[in-house]
Amino acid sequence: MKQQRHDVIVIGLGAMGSAAAYHLAAKGAHVLGLDRFQPPHQFGSSHGLTRIIREAYFEHPSYVPLVQRAYELWASLEKLSGRKLLRRTGGLMIGPPDGVIINGARRSAEEHKLLHQVLSSTDLRARFPVFSPEANMVAVWEPRAGILFPELSVQTHLELAVERGGSLKFNQPVLRGDPDGEGVRVFAGTDTYSANRLLLSVGAWLGALLSGPTGSSKSNSNCRFLDLPLSVERQVLLWFEPRSQANQFQPENCPIHIWEYAPHRFFYGFPDLGDGIKVAVHHEGQLTDPEKIRREVQEDEIQTMRRLLRRFLPAAEGVLKSTMVCMYTNTPDEHFILDYHPTDPQVLVASPCSGHGFKFSSVIGELAAALLCEEKPSFDLSLFRIDRFTGSPAGAK
Ligand SMILES: Cc1cc2nc3c(=O)[nH]c(=O)nc-3n(C[C@H](O)[C@H](O)[C@H](O)COP(=O)(O)OP(=O)(O)OC[C@H]3O[C@@H](n4cnc5c(N)ncnc54)[C@H](O)[C@@H]3O)c2cc1C
């Protein structure tokens, strides 16, 4: 049994935890990061080669300043590491003019005076000939959207965290994190670690870690025990070879695209970066458990995507090259949680990102590090408060 004292322990070193570990180490904090696997890996929510980054944020205009800071931080990470982490392609949000995606993207673009254009269905077909929108659809075009490389981004944050003095331990599943006076004690395998502060960034495992093992007695001194209304959703990613017009799917010609193909129903896609055209339905997945998730993709899931492609991107519907399964961790309102634990203010929760968090991981890492070092956050984080689910203000004893 070891006893070590750290300023901060980060549990979970995926997108959010790796970024937080880096920012904490960069601030000079004595940080220990623990992960049950060796990130970047394919068991959580941060794999699958690509993630969309976009600015005209249809989910809520409050995300725009955050994503703008995220862009700055991705650029600074690229500079520090000498790696290409973001490829700009421009982005298209496509759907009916009165739908969620068009209304939301326009509202964010107008409120924050973002460069954008609204394209009619005819304009869209003329400019991007492989796109086949219905006549009643329009598109919001934004030039700053693009693609992040999630595995490389996580790896880069982790490597830079170590370069700046952080300690990382992999294949260390954390069993418990208990409040210990003003600090915390963390139990991982046979080891025990202590720290002044704890960051919980365990993604899809958050619900399980906070609610404790089934049948356990709920001690009121253990920061694990908190019932958040989270759901883990299985998501399928598919890569297709183009059936025709392969050149039009090259990243110089094909922006990232998100479609509202029916009211409140979405799918999205990427250009072909060499692995095929990646497409996926956003949400509509089965609820799952990260310990029992089905990793095989079924024929009906492939056929669902083929039908969407035939309707909206017929030239993309070629041979299926590969598939992958990933997890969303959803809150009921699909906004994030970034806040202190309601009864244990030494514990910060930064995880459930409802399938749209990767682009923000650079800034969530920076904000989490600031909050853990008791600095005032530079953004309004009220959208992400935990008391919208727990009813009591965070940190209230
Ligand atoms: C298919 C798919 C597509 C997506 N597309 C986009 C997109 O285009 N744009 C976008 O912005 N976002 C997107 N997202 C969302 C984004 O990828 C996630 O919000 C983000 O990656 C979640 O990061 P995380 O750090 O919370 O979780 P993860 O990266 O999964 O990290 C959690 C870590 O915690 C570790 N862990 C868990 N339990 C324990 C324990 N007990 N002890 C120690 N370690 C533990 C895990 O091993 C894991 O490494 C997508 C998500 C999916 C699944």
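Order of appearance sets the numbers: ligands from 1, and atoms from 1 within every ligand.
Counting heavy atoms under 4.0 Å from ligand 1, residue F358 touches it through both backbone and side chain. When heavy-atom distances to ligand 1 are checked against a 4.0 Å cut-off, V154 has no atom that comes that close, whether in backbone or side chain. At a heavy-atom cutoff of 4.0 Å, ligand 1 is contacted by the side chain of H41 but not by its backbone. Only the backbone of S201 comes within contact range of ligand 1, with a heavy atom under 4.0 Å; no side-chain atom does.
Here's the thing with G357: one of its N/O atoms is less than 3.5 angstrom from an N/O atom of ligand 1. Checked by distance only, ligand 1 and K359 come closer than 3.5 Å through their nitrogen or oxygen atoms. Ligand 1 has a nitrogen or oxygen under 3.5 angstrom from a nitrogen or oxygen of R36. Polar contact with ligand 1: absent for A350 (N/O pair, distance under 3.5 Å). Close N/O approach between M16 and ligand 1 is found [any backbone or side-chain N/O within under 3.5 Å]. When only interatomic distances are considered, the shortest N/O to N/O separation between C326 and ligand 1 does not fall below 3.5 Å.
Checking side-chain atoms of R54 against main-chain N and O of A56 turns up no donor-acceptor pair under 3.5 Å. Remark: the backbone N or O of T288 is not paired with any side-chain donor or acceptor of E233 at under 3.5 angstrom. Distance alone, capped at 3.5 Å, places no donor-acceptor pair between the D272 side chain and the F249 backbone. Looking at S201, its side chain does come within 3.5 Å of a backbone N or O of I11 through a donor-acceptor pair. Under the 3.5 Å distance criterion, the side-chain polar atoms of E260 are matched with a main-chain donor or acceptor of I101.
In summary, the atoms of ligand 1 found under 4.0 Å from a heavy atom of S351, numbered by their order in the structure, are 26 (O). Below 4.0 Å from some heavy atom of I52 lie the following atoms of ligand 1, by number and element: 7 (C), 8 (O), 9 (N), 10 (C), 11 (O). Each of the atoms 19 (O) of ligand 1 lies under 4.0 Å from some heavy atom of C353. Residue P173 approaches ligand 1 through these ligand atoms, each under 4.0 Å from one of its heavy atoms: 42 (N). Listed by number with element, the atoms of ligand 1 under 4.0 Å from a non-hydrogen atom of G44 are 30 (O).
Here the protein heavy atom with the shortest distance to atom 3 (C) of ligand 1 is Y268 OH, 3.3 Å. Counting only heavy atoms of the protein, atom 51 (C) of ligand 1 lies nearest to Y328 CE2, 3.4 Å. Ranking the protein heavy atoms by distance from atom 35 (C) of ligand 1 puts D35 OD2, 3.1 Å first. Counting protein heavy atoms only, atom 28 (P) of ligand 1 is closest to S46 OG, 3.7 Å. The shortest contact between atom 6 (C) of ligand 1 and any protein heavy atom is with R51 CD, 3.1 Å. Among protein heavy atoms, atom 31 (O) of ligand 1 sits closest to G14 CA, 3.3 Å. The closest protein non-hydrogen atom to atom 23 (O) of ligand 1 is A15 CB, 3.4 Å. Counting protein heavy atoms only, atom 30 (O) of ligand 1 is closest to S45 N, 2.9 Å.
When the options V174, L206, L237 are ranked by their closest heavy atom to atom 41 (N) of ligand 1, first place goes to V174. Comparing S153, P290, G12 by heavy-atom distance to atom 34 (O) of ligand 1, the nearest is G12.
The side-chain contact (heavy atoms from CB on, under 4.5 Å) with S231 is formed by just one residue from the set L287, T331, T329; it is L287.
No hydrogens or angles considered: a donor-acceptor pair under 3.5 Å links the side chains of E55 and Q68.
Counting non-hydrogen atoms of other residues, nucleotides and ligands closer than 6.0 Å to CD of E291 gives a total above 12.
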Worksheet item: Between F389 and D333, does a side chain to side chain contact (heavy atoms under 4.5 Å, CB included) hold up when you go through it step by step?
Response: CA-CA 10 Å; F389 305 123; D333 60 10; 3.8 Å; yes
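Ring geometry for W74 versus F358: interplanar angle under 30°, hence parallel rather than tilted (30 to 60°).
L115 and V118 fall into different hydrophobic clusters, where Ile, Leu, Val, Met, Phe, Trp and Tyr side chains are chained together by heavy-atom contacts under 4.5 Å.
For the pair L230/V232, no side-chain contact is recorded, criterion being any heavy-atom separation below 4.5 Å from C-beta on. Within the 4.5 Å cutoff, the side chain of R87 has no heavy atoms near those of the F270 side chain.
Checked against the 6.0 Å centroid criterion, the rings of Y57 and H356 qualify as a close aromatic pair.
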